[in-house]
2 protein chains.
Amino acid sequence: MGIRPADQIIHKAAWLYYAHSMRQDEVARELNISRASVAMYLRKARETGIVSISASTRLFADDVLARQLEDALGLAGVWVVPATTRTQDPHSEVPVVAASVFLDLVRPGTRVGVAWGRTVYTIAALMAHADLQGVTVVQLCGNLGAPYSYRPDECTMEIARRLNAKGINIYAPLVLSTEKLAAQLRSEPVIREQLEGIARCDLALFSVGTVDDDSHVVRCGAVDLDELAELRRLGAAGVVAGRIIDAQGKSLDCDYNSRLISADLDSLRAIPKRLVVVQEESKFGPLKAALAGGLCTHLVLGAYMARRLLDEGSSLQSATEK
Amino acid sequence: MGIRPADQIIHKAAWLYYAHSMRQDEVARELNISRASVAMYLRKARETGIVSISASTRLFADDVLARQLEDALGLAGVWVVPATTRTQDPHSEVPVVAASVFLDLVRPGTRVGVAWGRTVYTIAALMAHADLQGVTVVQLCGNLGAPYSYRPDECTMEIARRLNAKGINIYAPLVLSTEKLAAQLRSEPVIREQLEGIARCDLALFSVGTVDDDSHVVRCGAVDLDELAELRRLGAAGVVAGRIIDAQGKSLDCDYNSRLISADLDSLRAIPKRLVVVQEESKFGPLKAALAGGLCTHLVLGAYMARRLLDEGSSLQSATEK
DNA sequence: TCCCACAATTGACATTTGTCAGCCGCTCTG
DNA sequence: CAGAGCGGCTGACAAATGTCAATTGTGGGA
């Protein structure tokens with residue numbers, strides 16, 4: 001896809017302004033348009049990723065806690081958001097950092113998988129626009145039937161839009177009523193191809209879900225409260241891409257999981273970079289489970305959660321090193 | 001190398017301003033400093049690469065000529081700078097584009113090699129600052145004894161400085177008086193190691209030199225006019241990283257080349273991405289030679305030169321496809 | 001051909017940002 | 001311990017940028 005002729009002028013204005021550090025009135029004179037137009041073009045250029053402005057995330061990666069966590073958990077990268085953000089509560093800072101980190105990790109020509117959830121959607125909405133060429137964004141899990149906010153396909157498409165990338169959705173329900181139907185659907189060529197494509201990703205972005213009564217999977221109607229209680233009895237510890245995992249981070253052997261159309265954990269682990277973002281304190285248990293299962297290579301979280309992880313870290317370390 | 005405590009405040013200001021889109025007065029209030037200080041910190045943040053602003057180079061890569069050249073010469077990327085830059089002569093635009101393209105090609109953790117010359121030095125001086133972690137910049141050729149501007153080590157160090165990278169210089173003369181001495185020096189562990197490190201680069205940046213009487217190698221005192229005339233008689237067609245090449249892009253079998261401390265062409269070709277930048281029209285011949293020898297994968301040049309290359313392209317194509 | 005609807009562009013004004021002389025506090029020195 | 005020297009910070013002003021109502025251009029339908 002080439003540059004649309006209408007974009008040509010935007011490119012030129014952006015180039016003169018940003019690459020040559022010309023002033024807007026100089027650019028206007030150069031292109032024979034009004035300065036107001038230049039200002040408008042420049043805004044468009046920023047919005048469409050023709051120019052990208054990014055702030056270093058080292059502020060968060062250089063944190064002492066971050067380093068300790070990297071060592072303790074054997075992760076490739078950890079970003080700790082301090083609790084002392086004066087502006088607002090530290091939780092809302094986590095997705096901002098995550099969006100920057102995510103952009104740092106995406107490279108032109110790569111394939112990224114995104115799961116769903118409030119956290120992921122918030123990140124998508126906060127993310128700067130970029131013009132990465134040849135990037136493909138794939139959806140890691142099926143959709144939910146009900147008209148629910150933060151739909152998986154919305155997360156995928158919004159991120160794809162912001163990266164100027166191609167978005168590939170999975171047009172299948174996240175969870176079906178019988179195992180048999182799920183299996184049949186999974187072997188449909190269209191769906192199978194997409195599920196197989198997950199393991200070929202270079203980068204994955206997801207959060208973890210809780211398994212308490214206020215859980216995302218409950219609120220979006222994927223499981224009811226009785227079912228969830230039963231799952232907890234069986235050892236459910238968290239949710240990753242719609243799939244229930246146990247405390248060891250393994251897919252819980254249960255009816256619910258067998259009825260899913262979603263990335264399986266082996267495919268997920270086949271992705272080299274797996275960025276997990278955790279906002280709420282309530283996700284401590286699920287996060288531990290995901291870490292134990294080696295589902296995470298890069299981690300963005302708040303300082304308080306980081307502290308808790310380190311304090312309970314000794315047991316985790318052995319688990320991830322197995 | 002962690003963040004120096006003095007940089008902490010700069011990082012914070014940059015983060016609040018660029019990641020949160022706060023206004024300078026808001027940032028100032030947040031950090032309890034004056035707005036003037038915030039403005040100063042932000043300038044520093046831009047200058048040190050804590051925040052990076054980059055404009056897309058697609059404007060130049062989407063040019064029709066660029067596409068045709070890519071196909072005709074089998075190159076991975078071509079950027080054509082149009083002749084119609086109203087601001088100034090098109091030649092001075094080439095290094096600006098080259099600097100942006102170069103920054104797009106460098107990735108954190110990679111190793112880049114840079115040669116020397118006016119063009120390379122101009123690019124270095126124009127290049128935006130970035131904070132790429134784990135990058136190493138290595139010098140592709142030895143130094144010249146005389147106090148000459150655009151010294152190879154200056155090119156290397158300036159680029160390293162702008163990338164916040166580690167610079168590795170070759171502390172040896174580019175050309176020695178006898179073949180024997182050059183050979184001895186090349187087998188010195190310090191030098192040998194550096195020369196061997198060249199092939200391990202991921203990216204190289206260089207230009208091509210002419211072999212006429214006004215050539216860089218003459219002006220910097222590496223060869224005298226008589227010697228150069230003799231070299232031309234032997235078939236010299238251009239200069240790459242201080243080495244004389246013939247019209248087929250092979251290292252010219254001559255006394256001068258045997259006395260060099262510089263990247264050999266095989267090492268150079270072992271580097272996956274080789275960005276060649278050509279400014280002056282007089283470099284047409286040398287560029288053809290370099291292309292014939294497969295020394296180039298990515299190319300930045302002016303529209304007029306691109307046109308000439310395409311017109312004479314048929315012969316080149318067969319040469320590079322051999 | 002005329003007219004209308006819609007989008008792009010502009011001029012004028014409001015807001016935000018860059019700059020620099022002067023000031024403050026600190027250290028080093030005689 | 002006074003005073004010079006220095007680096008960083010600030011206040012006030014100048015410059016640059018963002019915004020929006022009004023205007024101009026443009027294509028399509030009657």
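Per chain, numbering begins at 1; letters A, B, ... match sequence-line order. Keep in mind that this is a model prediction, so the values were computed, not measured.
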Contacts of type salt bridge (Lys or Arg N to Asp or Glu O under 4.0 Å), residue [X], not counting sequence neighbours:
X	result
B/Arg29	none
A/Asp202	none
A/Asp63	none
A/Arg162	A/Glu158

Can you pull out every side chain to side chain donor-acceptor pair (under 3.5 Å) where at least one residue sits in residues 41-51 of chain A? Sequence neighbours excluded, please.
A/Tyr18-A/Arg46
Qualifying salt bridge (charged side-chain N to carboxylate O under 4.0 Å, His left out) pairs, either residue in residues 107-126 of chain A, two or more places apart
A/Arg118-A/Glu280
Contacts of type side chain to side chain contact (heavy atoms under 4.5 Å, CB included), residue [X], not counting sequence neighbours:
X	value
A/Ala36	A/Ser34
B/Ala128	B/Leu103
A/Ile168	A/Thr136, A/Val138, A/Gln194

Is the A/Phe60 to B/Trp15 ring centre distance short of 6.0 Å?
yes
When you list every nucleotide of DNA chain D with an atom under 4.0 Å from a heavy atom of chain A, which one comes first 5' to 3', and which comes last?
D/dA16 to D/dT19
With sugar-phosphate taken as primed atoms, P, OP1 and OP2 and all else as base, the protein-contact string of nucleotides 7-20 of chain C at under 4.0 Å (heavy atoms; B, S, -) is --SBB----SBBB-
So if I take the C1' atoms of five pairs at each end of the helix from C/dT1-D/dA30 to C/dG30-D/dC1 and get each local axis, what angle do the two axes make, rounded to 10 degrees?
10°
